[in-house]
Each structure stands twice: as C-alpha cells, then as structure tokens.
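Notes follow once the structure below has been shown.
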Amino acid sequence: MNMSMDEMSIMVYRLVSMVPEGRVCTYSDLARALGKPKAYRLVGKILNRNPNPVVVPCHRVVRSDGRVGGYMHGYEAKRRLLEGEGIRIDGKGMIVDFDSVRFRLDKINR
DNA sequence: CGATTGACCGCTA
DNA sequence: TTAGCGGCCAATC
C-alpha cells in the first residue's frame with residue numbers, strides 16, 4: 001500500500017497521543033503500527049515537523065535500543081520532559097528499566 | 001531523472 | 001561491548 005506523508009502523519013499523531021504519561025514507545029513500533037515496519041526513519045521525519053506539541057507528546061517516542069533519541073527542541077529538553085514524568089535516564093542517554101516503561105502499541109486496536 | 005536526506009534499526013566484526 | 005555500515009521510505013534537491 002502506498003501512503004502519503006499526510007496519511008502517515010495522521011496515523012502517527014493518533015498513535016503517539018495514546019501513549020500515557022510516564023511511558024514511551026519507539027519509532028519502530030510506530031512504523032509497525034502503520035503497516036510499514038521499515039519506515040521508521042520516516043516516522044522521525046514526521047515528528048520533526050511537530051504537529052501540535054500540546055496534544056501530541058512526541059517526546060515519548062524513543063529509539064528501540066533504549067536510548068532517548070532526537071528531539072526537535074534538543075536532547076536536553078526531551079530528557080527533562082521524560083524525567084518530569086518519572087522516567088529515569090542514565091548518563092549515556094539510556095532509559096532505565098526501558099522494558100517496563102515501554103508502552104506496547106500492538107495492544108491497541110484501531 | 002538520480003542523489004540525498006532524516007528525531008532510525010539491526011546485523012556484523 | 002561498542003562502532004560501523006547498509007538499508008528502508010517518501011520527499012526534496
């Protein structure tokens with residue numbers, strides 16, 4: 001299935017806004033949820049255009065290796081936001097207890 | 001048209 | 001255990 005950025009964007013924003021406070025999901029998870037498991041780089045590109053920061057918590061999207069990853073307003077901002085939600089991050093940018101704070105999108109339908 | 005580009009991923013050495 | 005590299009997708013140059 002061919003999808004435009006606009007279509008993908010809608011879905012990505014929808015999915016991201018379902019991630020609860022204090023939890024995270026990965027770029028790869030989002031790509032999978034789109035039905036395009038290998039489009040994880042596009043997901044980053046979409047989030048970079050930052051939709052509506054208030055409604056869409058882009059900072060809760062992290063890398064699949066457990067590191068924090070990039071952010072439009074810089075790594076520091078992202079780290080503070082996550083820590084403010086109770087997520088702990090070590091000196092190497094690794095999320096502590098990554099597996100337990102990870103929110104599984106595949107548990108959602110629609 | 002072909003080449004390059006992103007808030008990345010996973011496999012090799 | 002960490003570093004490097006090729007690859008994937010749609011847009012943009």
Side-chain angles (χ1 to χ4, degrees):
Chain A
M1 274 292 281
N2 258 358
M3 274 182 98
S4 70
M5 285 296 263
D6 289 335
E7 301 174 283
M8 293 182 87
S9 302
I10 303 293
M11 298 182 66
V12 168
Y13 302 152
R14 249 181 101 84
L15 291 165
V16 174
S17 53
M18 296 179 183
V19 179
E21 193 178 307
R23 310 292 299 281
V24 299
C25 73
T26 74
Y27 298 94
S28 188
D29 290 340
L30 291 172
R32 252 197 313 280
L34 294 180
K36 292 187 173 297
K38 295 170 191 165
Y40 34 69
R41 301 188 80 180
L42 281 188
V43 173
K45 190 169 252 188
I46 287 169
L47 293 177
N48 180 36
R49 299 194 186 259
N50 208 350
N52 185 338
V54 181
V55 183
V56 182
C58 335
H59 62 280
R60 296 186 191 139
V61 184
V62 303
R63 297 176 53 124
S64 60
D65 60 5
R67 292 187 348 222
V68 171
Y71 191 57
M72 185 179 192
H73 306 298
Y75 169 77
E76 277 304 304
K78 186 169 184 177
R79 185 177 65 69
R80 277 197 298 273
L81 284 167
L82 290 172
E83 288 184 329
E85 299 185 355
I87 294 174
R88 324 219 320 275
I89 297 162
D90 73 13
K92 300 167 216 131
M94 281 294 231
I95 297 177
V96 180
D97 295 329
F98 178 50
D99 285 328
S100 48
V101 296
R102 188 168 180 180
F103 181 73
R104 312 222 174 239
L105 292 170
D106 46 305
K107 293 176 56 179
I108 311 176
N109 29 33
R110 270 140 75 44

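What you see is a predicted model; the values in this text were computed from it and never measured.
Sorted by residue number, the members of residues 37-46 of chain A with any non-hydrogen atom under 4.0 Å from DNA chain C read A:K38, A:A39, A:Y40, A:R41, A:L42.
Evaluation of the side-chain hydrogen bond (donor to acceptor under 3.5 Å, both in side chains) test over residues 19-36 of chain A, restricted to residues two or more places apart or in two chains, returns A:T26-A:D29, A:Y27-A:K78, A:D29-A:R32, A:D29-A:R102.
Between the CD1 atom of A:I10 and the P atom of C:dA10 there is a distance of 17 Å, rounded to whole Å. When rounded to the nearest whole Å, the span between NZ of A:K36 and C1' of C:dA10 equals 9 Å. Whole-Å rounding puts the A:M8 CE to C:dC9 P distance at 10 Å.
Residue-level contact check: A:R32 touches neither bases nor backbone, having no heavy atom under 4.0 Å from any strand. At the heavy-atom level, A:M72 lies under 4.0 Å from base atoms of the strands shown.
Between A:R80 and A:E83 there is no salt bridge, since no side-chain nitrogen of the basic residue lies less than 4.0 Å from a carboxylate oxygen of the acidic one.
Residue A:S28 places none of its side-chain N or O atoms closer than 4.0 Å to OP1 or OP2 of B:dC8. Contact annotation: A:T26 does not reach the phosphate of B:dC8 (side-chain N/O to OP1 or OP2, under 4.0 Å). Phosphate contact (OP1/OP2 of C:dT12, side-chain N/O of A:R49, threshold under 4.0 Å): present.
Considering only the side chain of A:Y27, B:dC8 comes nearest among C:dA10, C:dT12, B:dC8.
Across B:dA7 and C:dT2, the matching P atoms stand 25 Å from one another, rounded to whole Å.
Not a single donor-acceptor pair under 3.5 Å links the side chain of A:E85 to the backbone N or O of A:L82. Proximity of a side-chain donor or acceptor of A:R63 to a complementary backbone N or O of A:V68 within less than 3.5 Å is not detected.
For A:Y71 and B:dA7, a side-chain-to-base donor-acceptor distance below 3.5 Å is absent, hydrogens and geometry of angles not being considered.
Following chains of ILVMFWY side-chain contacts shorter than 4.5 Å, one can reach A:Y13 starting from A:Y40, so the two form part of one hydrophobic cluster. Both A:Y75 and A:I95 are assigned to one and the same hydrophobic cluster, defined by single-linkage of ILVMFWY side chains at heavy-atom distances under 4.5 Å. Both A:L30 and A:M3 are members of a single hydrophobic cluster when ILVMFWY side chains are connected at heavy-atom separations under 4.5 Å.
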